[in-house]
Amino acid sequence: MITSDTTATALLSAEYAISTERISAADAAMTRHSVRSYLDIPVSDDELHSLLALTSRAPSAFNLQPWRFIVVRDQAVKDALKDAAYGQKQVGQAPVVIALYADMDDTLANLSEVVHTDLTPEKRASTIAMLEKNFGGMTPEARANWANGQTNIALGYLLLIAKAEGFDTSPMLGFESDRVKAILGIPATATITAIVALGRGADDGFRSHRHAVERTTTFR
Ligand SMILES: Cc1cc2nc3c(=O)[nH]c(=O)nc-3n(C[C@H](O)[C@H](O)[C@H](O)COP(=O)(O)O)c2cc1C
């Protein structure tokens with residue numbers, strides 16, 4: 001039983017690297033902004049692993065988890081990505097750039113990895129057959145769009161978790177997809193959902209406005 005905040009933090013630390021700067025999900029949602037200027041402070045392997053482990057907790061339909069990540073820290077690769085991203089300076093400046101892409105070919109070729117291991121062999125086989133039929137009947141473009149939608153859930157998780165763990169981010173769709181695929185060796189059939197610059201911000205970004213709940217929501 002968790003008896004104090006200190007004990008809770010110790011328990012969590014045993015499971016994944018914990019940031020001493022952690023804030024709540026609500027505070028992260030309220031304070032996260034796109035930051036386009038970064039300090040030259042590296043992000044450690046443990047921190048990155050932790051961020052991606054938490055991001056991978058995102059839900060997806062059929063639990064297919066079609067997202068894939070490429071973590072870029074090499075300056076020459078970041079510089080090439082910056083060129084492919086219309087010169088956006090945060091791509092070359094941030095200590096880390098993460099490319100999130102959706103890969104349905106890899107997902108469908110490895111369905112046994114995503115079907116729950118607690119199922120009986122018969123149920124596993126029938127679930128795999130159902131998924132093969134369902135997605136096999138879609139056009140490659142429809143499959144790619146579907147997987148891109150799922151990977152956007154992981155993108156949202158990553159942005160929020162990064163802030164909660166003390167990091168700033170800049171999500172981007174402003175890049176030439178074919179060039180980024182060539183630089184990173186991403187399969188031609190995959191869809192790049194976003195690239196994300198990540199690190200410690202050199203400024204706070206700016207407070208962009210958001211619609212009020214009343215503008216976006218109908219209560220019935
Ligand atoms: C999927 C996605 C793609 C984006 N692409 C770019 C981009 O290429 N360049 C950029 O400067 N900002 C980009 N943004 C940032 C948005 O402009 C920004 O999130 C929005 O204005 C809200 O501001 P905030 O992130 O500071 O809260 C992107 C954001 C998202 C979610």
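All ligand and atom numbering here is 1-based and tracks the order in the structure.
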When only distance counts, is [X] in polar contact with ligand 1, meaning an N/O pair under 3.5 Å?
X: T193; value: no
X: L159; value: no
X: L155; value: no
X: H33; value: no
X: Q88; value: yes

Task: Any R210 heavy atom less than 4.0 Å from ligand 1 - done: yes
Looking only at heavy atoms, what is the nearest atom pair of [X] and [Y], with distance?
X: S37; Y: K89; value: CB-NZ, 3.8 Å
X: F69; Y: S56; value: CE1-OG, 3.9 Å
X: Y101; Y: A190; value: CD1-CB, 3.6 Å

Task: Summary of side-chain hydrogen bond (donor to acceptor under 3.5 Å, both in side chains) pairs that have at least one residue in residues 113-124, sequence neighbours excluded - done: none
- [ ] Tell me which protein heavy atom sits closest to atom 28 (C) of ligand 1, plus the residue, atom name and distance to 0.1 Å.
- [x] P171 O, 3.2 Å
- [ ] Looking only at protein heavy atoms, identify the closest one to atom 7 (C) of ligand 1 and say how far it is in Å.
- [x] M172 CG, 3.5 Å
Task: Proximity to ligand 1 by part of A194, non-hydrogen separation under 4.0 Å - done: neither
- [ ] Considering only NZ, NE, NH1 and NH2 on the basic side and carboxylate oxygens on the acidic side, decide whether R32 and E165 come within less than 4.0 Å.
- [x] no
- [ ] Keeping the roles fixed (side chain from Q65, backbone from N63), state whether a donor-acceptor pair exists under 3.5 Å.
- [x] yes
Open item on the list: Can you check atom 3 (C) of ligand 1: any protein non-hydrogen atom closer than 4.0 Å?
Closed with: yes
